[in-house]
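Letters go in sequence order (proteins before strands), and every chain restarts at 1. Since the model is a prediction, treat every value here as computed from it, not as a measurement.
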2 protein chains.
Amino acid sequence: MTIKVFLADDHKILRESLIILLQQESDIEVIGEAADGHQALVDIQRLKPDIAILDISLPQLNGLEVAARLKKEDPAIKIIILTMHKNEDLVARAYQLEVNGYVLKDNALEELLKSIRIVQAGGIYLSSDITSTVIAGFVANFGKTGGKAELISSREREIVQLLAEGNSNKNIAQLLNLSLKTVETHRSNIMHKLGLKSITDLVLYAVRNHLIEP
Amino acid sequence: MTIKVFLADDHKILRESLIILLQQESDIEVIGEAADGHQALVDIQRLKPDIAILDISLPQLNGLEVAARLKKEDPAIKIIILTMHKNEDLVARAYQLEVNGYVLKDNALEELLKSIRIVQAGGIYLSSDITSTVIAGFVANFGKTGGKAELISSREREIVQLLAEGNSNKNIAQLLNLSLKTVETHRSNIMHKLGLKSITDLVLYAVRNHLIEP
DNA sequence: AGAATATACAGGATAACCCTGATTAACAGA
DNA sequence: TCTGTTAATCAGGGTTATCCTGTATATTCT
């Protein structure tokens, strides 16, 4: 019995290449493909693959939304997210949706094959270079806040935005009538909670989460 | 005589897949690969492939900058840009660099093979879906970019990207084999030239100019 | 040749970062 | 109600990083 997989990715070159290579595996069979979220949703519900492999940045309906709708209708469906995004928030959202795998495109092809077999066997697969701290932090928060995990507090989010807008710690302290030390503490906590390594990462986080516009 | 190609793309899954499939073509031989711009530049100059296939969004040094440096050293080198971006400004910039091919990742694999053979034969290949945007872009940009002085130098652009990717001055100095003080000077000059007040402004500049992806 | 630019490097001042603390208020669970 | 957790506030003190002001050489442009 082969593992029937469905592949949704908007880049045809990658889609075609992966299908050719997946077909060469004796235990894997690609039974369908899609280039956008709507088509993926319709075809996956019709073809009922064992595993749906979804890119996040799909046109019309993003991969996480497709995953959410599939899981809502059939919580047993197996989903692997295949994406270039190692953004903490997206990983957390995927985790919330209880997807079965999260594989980065800059990992080896071998990782994808491994994830398919592990997920088919009932396991959960996460790319090794996704920071464990984010997952740990997320798991720690999950359930205590009623389902929706807020990684950072309201005050912290306010400071994220001010930082991403180019304000210095000193500046923020003046704006918010706080001690410089308080701002430093917030900043440090934010970096740890979000798993960011530099102010640059913070700006990108803010852009991705629409706290500021590029 | 086979066509010797070099492939640079930061997504290992795509890179691996493409190499396997390109190797199956009897007239094509992949003689090297790279996951970042620096490695690509060094290896391409060392291995001297017939055609260099470059993604635009490469870490450390983006594909267009790699193309510019390769063309400067050897104007006869053949370059195919393989990218997800169909922005007219990126296409126009590629055209100014006189690259030999521009293929979109959402085209078929067959397109890439065709582009390799056409470019090897001395032709220029453009993905069919960007023909209209490229024409529009040229009409709009023609004349403007003729003698317009670049705001920042090639070296500075390289450092902008490394900064926006979250590297510290120290880190960049090591990567480029420069003194820390040199990197600091470049950084300062960049900020003044571009009228930026903070590193976050620089990240936003890099995002807007597609030096990095949000 | 002269001017402008790119590239490279230094010293000293300022700001940010890191780690280990502390206090107070709010709030949830046993 | 007591206890534990989190949010929010602040501090000392040491280590790094960044900013500002200069200098110098090679290359490129006119």
Side-chain angles (χ1 to χ4, degrees), chain A residues 133 136-203 205, chain B residues 38 41 61 65 68-69 71-73 75 146-203 205-206:
Chain A
T133 53
F138 178 79
V139 172
N141 282 343
F142 193 76
K144 296 186 176 178
T145 44
K148 182 168 172 68
E150 295 290 335
L151 284 172
I152 57 174
S153 70
S154 161
R155 188 60 146 178
E156 285 167 344
R157 189 159 28 251
E158 181 178 12
I159 290 176
V160 165
Q161 187 174 346
L162 289 168
L163 285 170
E165 284 168 353
N167 295 288
S168 65
N169 290 346
K170 197 178 183 179
N171 210 347
I172 293 172
Q174 285 171 350
L175 281 170
L176 301 181
N177 271 312
L178 293 174
S179 154
L180 175 60
K181 283 297 181 179
T182 303
V183 178
E184 285 181 349
T185 304
H186 280 307
R187 182 174 181 153
S188 175
N189 288 336
I190 290 164
M191 299 301 247
H192 281 119
K193 282 188 184 179
L194 299 178
L196 308 174
K197 292 188 301 293
S198 64
I199 187 68
T200 290
D201 290 340
L202 187 141
V203 176
Y205 170 88
Chain B
H38 273 134
L41 190 60
L61 194 65
E65 188 63 37
R69 297 188 186 190
K71 282 282 185 185
K72 188 182 176 186
E73 187 149 304
K148 179 180 160 190
E150 292 287 331
L151 225 46
I152 57 173
S153 69
S154 167
R155 188 59 145 179
E156 286 166 344
R157 186 157 40 247
E158 179 176 15
I159 290 175
V160 166
Q161 183 177 350
L162 290 167
L163 285 170
E165 283 169 354
N167 294 289
S168 65
N169 290 345
K170 194 178 181 180
N171 211 343
I172 293 171
Q174 285 171 348
L175 280 170
L176 303 180
N177 271 313
L178 293 175
S179 153
L180 175 61
K181 287 298 180 180
T182 301
V183 178
E184 287 177 349
T185 302
H186 280 307
R187 180 176 182 149
S188 175
N189 289 338
I190 289 164
M191 300 301 250
H192 284 120
K193 281 189 183 179
L194 299 178
L196 309 174
K197 292 188 303 295
S198 63
I199 187 69
T200 72
D201 288 343
L202 185 140
V203 175
Y205 169 88

- Message: How many whole angstroms separate atom CG of B/Asn167 from atom P of D/dT18?
- Response: 10 Å

- Query: Within this structure, what is the CZ-to-P distance between A/Arg155 and C/dA26, rounded to whole angstrom?
  - Reply: 15 Å

- Message: Between P on C/dC17 and NZ on A/Lys197, what's the gap in Å once rounded to a whole number?
- Response: 15 Å

- Roughly how many Å is it from CG in B/Asn169 to P in C/dA16, rounded to a whole number? 15 Å

- Message: Does D/dC10 have its OP1 or OP2 closer than 4.0 Å to a side-chain nitrogen or oxygen of A/Thr182?
- Response: yes

- Query: Base, sugar-phosphate, or nothing: which does A/Leu178 touch, judged by heavy atoms less than 4.0 Å apart?
  - Reply: sugar-phosphate

- Message: Tell me the interatomic distance from B/His192, atom NE2, to D/dG22, atom P, rounded to whole angstroms.
- Response: 13 Å

- Message: Taking 4.0 Å as the cut-off, does a side-chain nitrogen or oxygen of B/Lys193 come that near to OP1 or OP2 on C/dA6?
- Response: yes

- Message: Any carboxylate oxygen within less than 4.0 angstrom of a Lys/Arg side-chain nitrogen, looking at A/Lys170 and A/Glu184?
- Response: no

- Polar contact flag, side-chain donor to acceptor under 3.5 angstrom, A/Glu165-B/Thr200: no

- Query: Within the pair B/Ser153 and C/dT5, is there a side-chain N or O less than 4.0 Å away from OP1 or OP2?
  - Reply: no

- Could you check how far NZ of A/Lys170 sits from P of D/dC19, rounded to whole Å? 14 Å

- Note on the structure: B/Gln174 atom CD is separated from D/dA17 atom C1', nearest whole Å, by 14 Å

- Is it true that the side chains of B/Glu158 and B/His38 contain a donor and an acceptor less than 3.5 Å apart? yes

- Comparing B/His186 with A/Leu180, nearest DNA chain C nucleotide closer to 5' gives the residue B/His186

- For A/Asn189 and C/dC18, give me the distance from atom CG to atom C1', rounded to whole Å. 12 Å

- Select one nucleotide: of C/dT7, C/dA10, D/dC19, the one nearest the side-chain heavy atoms of B/Arg187. D/dC19

- Item | Pairing of B/Arg69 and B/Glu73 as salt bridge, 4.0 angstrom limit | no

- Task: Give a yes or no on whether a donor-acceptor pair under 3.5 Å exists between the nucleobase atoms of D/dC19, that is its base, and the side chain of B/Glu184.
- Result: yes

- Query: Quick one: is B/Ser179 getting a side-chain N or O under 4.0 Å of the C/dA10 phosphate, OP1 or OP2?
  - Reply: yes

- How far does CZ of A/Arg187 sit from CD1 of A/Ile199, to the nearest 0.5 angstrom? 4.0 Å

- Message: Looking at A/Thr185 and D/dC10, is any side-chain donor or acceptor paired with a base atom of the opposite kind under 3.5 Å?
- Response: yes

